[in-house]
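Down below is the structure, laid out as structure tokens.
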2 protein chains.
Amino acid sequence: MTRSREKVLADIMVLIFRLNGRLLEQGDRLVAGLDLTSARWQVLGALALAGRALSAPQIAEAMGITRQGVQKQLNLLLEEGVVERRVNPSHERSPLYALTGLGEHRYAEATRRCDDWAAVLGEGLSDEALGMTETTLSTLLARLQHPVPPGPV
Amino acid sequence: MTRSREKVLADIMVLIFRLNGRLLEQGDRLVAGLDLTSARWQVLGALALAGRALSAPQIAEAMGITRQGVQKQLNLLLEEGVVERRVNPSHERSPLYALTGLGEHRYAEATRRCDDWAAVLGEGLSDEALGMTETTLSTLLARLQHPVPPGPV
DNA sequence: CCCCTAACGACAACTCGTTGTCAAATGTGA
DNA sequence: TCACATTTGACAACGAGTTGTCGTTAGGGG
């Protein structure tokens, strides 16, 4: 055996910490000039993928962060005119948010840049390696979100 | 073909963002009661792995973050007595930092808890999947740290 | 030997996420 | 219908990271 499974897991965790930092950094660089940051871009992504107006808590749910964090970005995005409020028929004080024309345009441009960049980033990595990485990470995430199924803690 | 490589890459990125959040959360929970947080724990880890006293910038280099971020944690760790300053023969104003006995004890306990937890977390994942994930992530990180080798930007 | 640059610690300001509290709106069960 | 728990937005405080500036120290080339 090469190394213990725990060691490999620990290495993967460190890699995730660093990748998180570098991805946010490169993401910010990628959308600089579009009046976006990684955080705002992700909010736009949640709206674009949903294909419909969402409330702040719904966006937070989709992004896996808290509603307060999302709300902060939404208020800024509103000021910049990339999202707009719509009345929520089922809640008076909690409006829905949708992309404006400007927002859709900016998101499309960000997506184009990201795809180009991702193509370069993934060069030479086999489909198998990418697929297995995605599967493994998503298994780990699932276990982390539901605290640790069995075992006495 | 199932999905484009860009889509898989994008999914992996989102997974990394979420895993980062969950890992820090679980890490904090894991070392709660040891007067540690994920950030302080990582600093202790850098010192323990080096096996010798390091300066703040050296720790930052090892952790992949800035020296200011490390310094902030070091100042707190000093107050708690888990690390101590040592004179740096090659720099008067930049001391070296080393684990105290208390620090080594706490780090050992944190490591024990982490290994137990990692064993549960990795259950059922094949060595091949873990190894390939580690390799893929480390390739991605290398490309992110050296901005994007070829290609006209 | 002196001057200039690089590296360092301290400090402040900022981003992005978290938690917690408060008040208003919603939904549910007796 | 009314009481109560849940959900929501606003606000404040905090943790962890970043950048930038300032003054000091180390190191190298004229």
Side-chain angles (χ1 to χ4, degrees), chain A residues 16-29 31-32 35-46 53-80 83 85-97, chain B residues 14 16-29 31-32 35-46 54-80 83 85-97:
Chain A
I16 288 171
F17 293 147
R18 297 202 181 175
L19 279 164
N20 182 72
R22 297 315 129 213
L23 285 173
L24 289 176
E25 180 180 283
Q26 297 284 334
D28 282 340
R29 197 180 58 79
V31 295
D35 271 328
L36 287 178
T37 63
S38 292
R40 307 202 214 306
W41 179 15
Q42 275 188 276
V43 173
L44 299 190
L54 298 176
S55 70
Q58 286 173 329
I59 297 172
E61 167 71 24
M63 291 175 61
I65 62 178
T66 59
R67 66 194 170 82
Q68 289 90 334
V70 169
Q71 191 73 49
K72 202 179 288 188
Q73 302 302 328
L74 280 173
N75 292 339
L76 295 169
L77 290 168
L78 273 172
E79 287 177 16
E80 295 181 2
V83 304
R85 276 195 240 251
R86 298 202 183 154
V87 288
N88 186 344
S90 66
H91 200 301
E92 183 176 320
R93 286 182 55 222
S94 184
L96 300 177
Y97 297 88
Chain B
V14 171
I16 288 171
F17 293 146
R18 296 202 183 175
L19 279 165
N20 182 72
R22 296 316 128 213
L23 285 174
L24 289 176
E25 182 181 282
Q26 296 286 334
D28 281 340
R29 196 179 58 78
V31 294
D35 270 326
L36 286 178
T37 63
S38 291
R40 306 202 215 305
W41 180 16
Q42 275 188 275
V43 173
L44 299 191
L54 298 176
S55 69
Q58 286 173 330
I59 297 171
E61 167 72 24
M63 291 176 63
I65 63 178
T66 59
R67 65 194 169 83
Q68 288 89 335
V70 169
Q71 191 72 50
K72 204 180 287 188
Q73 300 305 327
L74 280 174
N75 292 339
L76 295 170
L77 290 169
L78 272 174
E79 287 178 16
E80 295 182 4
V83 305
R85 276 195 239 252
R86 299 205 182 152
V87 288
N88 186 343
S90 64
H91 200 304
E92 182 176 319
R93 286 185 54 224
S94 183
L96 300 176
Y97 296 88

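Chain identifiers are assigned alphabetically (A, B, ...) following the order of the sequence lines, protein sequences preceding nucleic acid strands; residue numbering begins at 1 within each chain.
- With sequence neighbours excluded, the residues satisfying side-chain contact (heavy atoms from CB on, under 4.5 Å) with A:L24 are A:N20, A:S38, B:F17.
- No engagement by B:S38 is indicated, since no non-hydrogen atom pair under 4.0 Å with the nucleic acid exists.
- Here the shortest heavy-atom pairing between B:A46 and B:L54 reads O-CD1, 4.0 Å.
- Although no hydrogens or angles enter the test, the distance criterion places a donor-acceptor pair under 3.5 Å between the side chain of B:N88 and the main chain of B:S94.
- Contacts of B:E25 classified as side-chain hydrogen bond (donor to acceptor under 3.5 Å, both in side chains), with partners at least two apart in sequence or in another chain: B:R22.
- Rotation axes derived from the C1' atoms of the five outermost pairs at either end of the helix from C:dC1-D:dG30 to C:dA30-D:dT1 lie 10° apart, to the nearest 10°.
- Distance CG/A:L74 to CD1/A:I59: 4.5 Å, rounded to 0.5 Å.
- Annotation: side-chain contact (heavy atoms from CB on, under 4.5 Å) contacts of B:R40 (sequence neighbours excluded): B:L36, B:T37, B:Q73, B:L76, B:L77, B:E80.
- When DNA chain D is scanned 5' to 3' for any atom under 4.0 Å from a heavy atom of chain A, the first and last hits are D:dT8 to D:dC11.
- Sequence order on DNA chain D of the closest nucleotides to A:N75 and B:R40 puts A:N75 first from the 5' end.
- When heavy atoms are screened at a 4.0 angstrom cut-off, B:S55 is found touching no nucleic acid atom at all.
- Considering only residues two or more places apart in sequence or on other chains, A:D35 meets the side-chain hydrogen bond (donor to acceptor under 3.5 Å, both in side chains) condition with none of them.
- Across residues 59-71 of chain A, A:I65, A:T66, A:Q68, A:G69 each have a non-hydrogen atom less than 4.0 Å from an atom of DNA chain C (numbered order).
- Under the salt bridge (charged side-chain N to carboxylate O under 4.0 Å, His left out) criterion, B:R86 pairs with B:E84, not counting sequence neighbours.
- Extent of DNA chain C lying under 4.0 Å from chain B heavy atoms, first and last nucleotide in 5' to 3' order, is C:dC8 to C:dC11.
- From A:Q26, atom CD reaches atom CG of A:D28 across 9.5 Å, with rounding to the nearest 0.5 Å.
- For the pair A:Q73 and B:A56, both in contact range of DNA chain C, the more 5′-proximal nearest nucleotide belongs to B:A56.
- Atom OG in A:S55 sits 13.0 Å away from atom CZ in A:R93 (nearest 0.5 Å).
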For residues 63-70 of chain A, tabulate all N or O donor-acceptor pairs below 3.5 Å that involve a side-chain atom, not counting sequence neighbours.
none

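- Residue-to-nucleotide proximity on DNA chain C shows that, of A:H91 and B:K72, the 5′-proximal contact is made by B:K72.
- Residues satisfying the side-chain contact (heavy atoms from CB on, under 4.5 Å) test with A:R85, not counting sequence neighbours, are A:L78, A:P95, A:Y97.
- In this structure, A:L96 and A:V87 approach most closely via the heavy-atom pair CD1-O, 4.2 Å.
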